[in-house]
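Letters A, B, ... mirror the listed sequences (proteins, then strands); counts begin at 1.
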Protein chains: 2
Amino acid sequence: MPDAHDLLWGHRPTPTRGPRRTLTVEHIATTAITIADADGLPATTMQRVAERLDVTKMALYRYVPGKDELVALMIDTALGEPPDGPPAPWRAALRSWSDALFTRFAAHPWALAATIGPRPIGPHELTWLERALAALADTALTGSEAMDTVATLVGHVRGIAQQMAAQHTEAALQHSFATLVEGRADRFPAIVRALSSSSSSDNQDSDNQGSDNQGGALAFGLDRVLDGVELFLRVKANPS
Amino acid sequence: MPDAHDLLWGHRPTPTRGPRRTLTVEHIATTAITIADADGLPATTMQRVAERLDVTKMALYRYVPGKDELVALMIDTALGEPPDGPPAPWRAALRSWSDALFTRFAAHPWALAATIGPRPIGPHELTWLERALAALADTALTGSEAMDTVATLVGHVRGIAQQMAAQHTEAALQHSFATLVEGRADRFPAIVRALSSSSSSDNQDSDNQGSDNQGGALAFGLDRVLDGVELFLRVKANPS
DNA sequence: CCAAAACTGTATCCGATGGAAACAGTATAT
DNA sequence: ATATACTGTTTCCATCGGATACAGTTTTGG
């Protein structure tokens, strides 16, 4: 039986004797993903996956050594290959890369919970990293600076995806905060202030320096991070 | 029986009749945290928590409606109150706030997994938000801009804490990447390049514009984000 | 051509988990 | 003093991931 790494990277034994296999690991993974997308990761039991495939629960163990390995497969399959657009300068490339990553996480919210803790990395996931680092290859960033930049972007993308998974809209998030601080304005004055100043539409200065603030929290954070990196590069090139 | 919200916010009925209670919710929560710190969240079963407290598993259900509610309590207790230092300008305040938050997550790695998905928010968690927003109250940021800034910081802190929980050191992380791309340099050239250029110590330019790069990935990302916010404020004040 | 070997999916069983329900003992209020 | 409300315990249950033994199927080697 192949282990998690072999499974992810396609090192799978192809037996010749015995009955034809009725399933494939890919089919199992996509079925599990469908269930997880609909009802979440806890509802994705071996039993339910097997039922959808019209086999017994134990049949799955002929393809996958255990549930952890199935989840690892689900993650790498759900993430998929990063979309490849036309070559672009590093900032635009990282911007669309981040947006694409967000889209994937938004489509598969369970993947956020599944990608926590030590776990095997699959080829698709590594390709995402490859693309991001490639975008930064022509800059003056060192290797670890580039790595750290990607980590920051991923952290932000995941964070916002998490918020959206918990509260579908930003308005709902604000509403739940508002409910919490209600009657406790003395303990949380800054939250009260922030909520009131954001609900009231005070965008009299709507052409704020080209930063597309309409996109919400995801765009705002991405623009701040990329601004920070851009500044870092500028200072590095010209330490005035 | 109080629900999760009541439990977190201290709205607990105090019965007068009946035998003395042998436990408290706080004691249960701290005991569960001790177990989770040592062996992780999956190992934190009602059974084990009860054993440590010398009661039966079902006794816990007199204090907590279910495991989800216990975990919610654990989170808010483990996070605790944010440490309050002397008043500081917004950047320094957010910097130490982020460092403190990182320390908490590093001490309780299971909290990363537990704080994903829809869940009740406790008073401590809301106090963390309050402090961060208070630090930004004197700036020109709108309420939602301040909220988004905090979200970006939290995302980064969580992301790095997650990496550290999976691979204890940054060197270990790089090593595991190196192992993965080994023999696949053609598929992942940018990763190979980034890894080699970071392992070779090329800090000939060690006084890089005051950004404390020794702190590693956490510091780098925080500095980039805060630089980005600072630039945003500067442009907002003086749209040259 | 045929038996041994290798593989398939199935049926049965297991320990651990979160939790429900009924129970007997204990402190308080009327 | 007795009913009431509460305590912690015991027993029980469905569901989970997974081990094992099994009967049927296909290929391989003599």
Side-chain angles (χ1 to χ4, degrees), chain A residues 1-4 6-7 12-29 31-32 35-36 39-75 110 113-114 117 119-120, chain B residues 1-4 6-7 12-29 31-32 35-36 39-74 110 113-114 117 119:
Chain A
M1 173 69 69
D3 67 355
D6 294 339
L7 220 53
R12 303 171 201 164
T14 40
T16 58
R17 305 198 210 186
R20 295 279 160 77
R21 314 196 88 177
T22 55
L23 306 172
T24 64
V25 273
E26 286 79 11
H27 196 181
I28 294 174
T31 304
I35 297 174
D39 296 341
L41 204 56
T44 310
T45 68
M46 298 304 255
Q47 180 73 4
R48 269 193 73 178
V49 176
E51 277 172 14
R52 282 247 189 155
L53 294 166
D54 274 312
V55 290
T56 342
K57 177 183 65 168
M58 293 312 293
L60 302 180
Y61 288 94
R62 295 284 181 200
Y63 299 83
V64 168
K67 186 168 188 192
D68 291 349
E69 288 80 5
L70 173 56
V71 171
L73 265 172
M74 291 170 64
I75 293 168
W110 51 267
R119 66 198 171 76
Chain B
M1 174 68 67
D3 67 355
D6 294 338
L7 221 52
R12 305 172 199 159
T14 39
T16 58
R17 305 199 211 183
R20 295 279 158 77
R21 311 194 92 176
T22 56
L23 307 172
T24 63
V25 273
E26 286 79 11
H27 197 183
I28 294 174
T31 303
I35 297 173
D39 297 340
L41 204 55
T44 309
T45 67
M46 298 303 256
Q47 180 73 2
R48 269 193 72 180
V49 175
E51 278 173 11
R52 282 249 189 153
L53 294 166
D54 274 312
V55 291
T56 334
K57 177 183 63 166
M58 292 314 293
L60 303 180
Y61 288 93
R62 294 283 179 199
Y63 298 83
V64 169
K67 185 167 189 191
D68 291 349
E69 288 79 4
L70 173 56
V71 172
L73 265 173
M74 290 170 64
W110 51 266
R119 65 199 171 75

What string of B, S and - do you get for nucleotides 21-29 of chain C, 5' to 3', if B is base contact, S is sugar-phosphate-only contact and - is no contact with any protein heavy atom under 4.0 Å?
BB--BBBBS

Considering heavy-atom distances to DNA chain C, does B:P42 or A:L60 have its closest nucleotide positioned more toward the 5' end?
A:L60

Start at the 5' end of DNA chain C and walk down; is the nucleotide closest to A:A59 or to B:P65 reached first?
A:A59

Distance check: side-chain N/O of A:T45 vs OP1/OP2 of D:dT15, anything under 4.0 Å?
no

Is there a side-chain contact between B:Y63 and the phosphate of D:dG8, meaning an N or O under 4.0 Å from OP1 or OP2?
yes

Under 4.0 Å between any heavy atoms, over every strand shown, what does B:T56 touch: base, sugar-phosphate, or nothing? Just pick one.
base

Here the gap from A:T56 atom OG1 to A:E51 atom CD, rounded to the nearest 0.5 Å, amounts to 10.5 Å

Rounding to 0.5 Å, atoms CG (A:L23) and CZ (A:R62) come to a distance of 12.5 Å

Closest of D:dT7, D:dG17, D:dT10 to the B:R21 side chain is D:dT7

Hey, is A:E26 close enough to A:R12 for a salt bridge, meaning N to O under 4.0 Å?
yes

Less than 4.5 Å apart, any side-chain heavy atom of A:L73 and any of A:E69?
no

Testing A:L41, A:D39, A:T44 for side chain to side chain contact (heavy atoms under 4.5 Å, CB included) with A:W110, which one passes?
A:L41

Any donor-acceptor pair under 3.5 Å joining the side chain of A:K57 to the base of D:dG18?
yes

How many whole angstroms separate atom CD of B:E51 from atom C1' of D:dG8?
16 Å

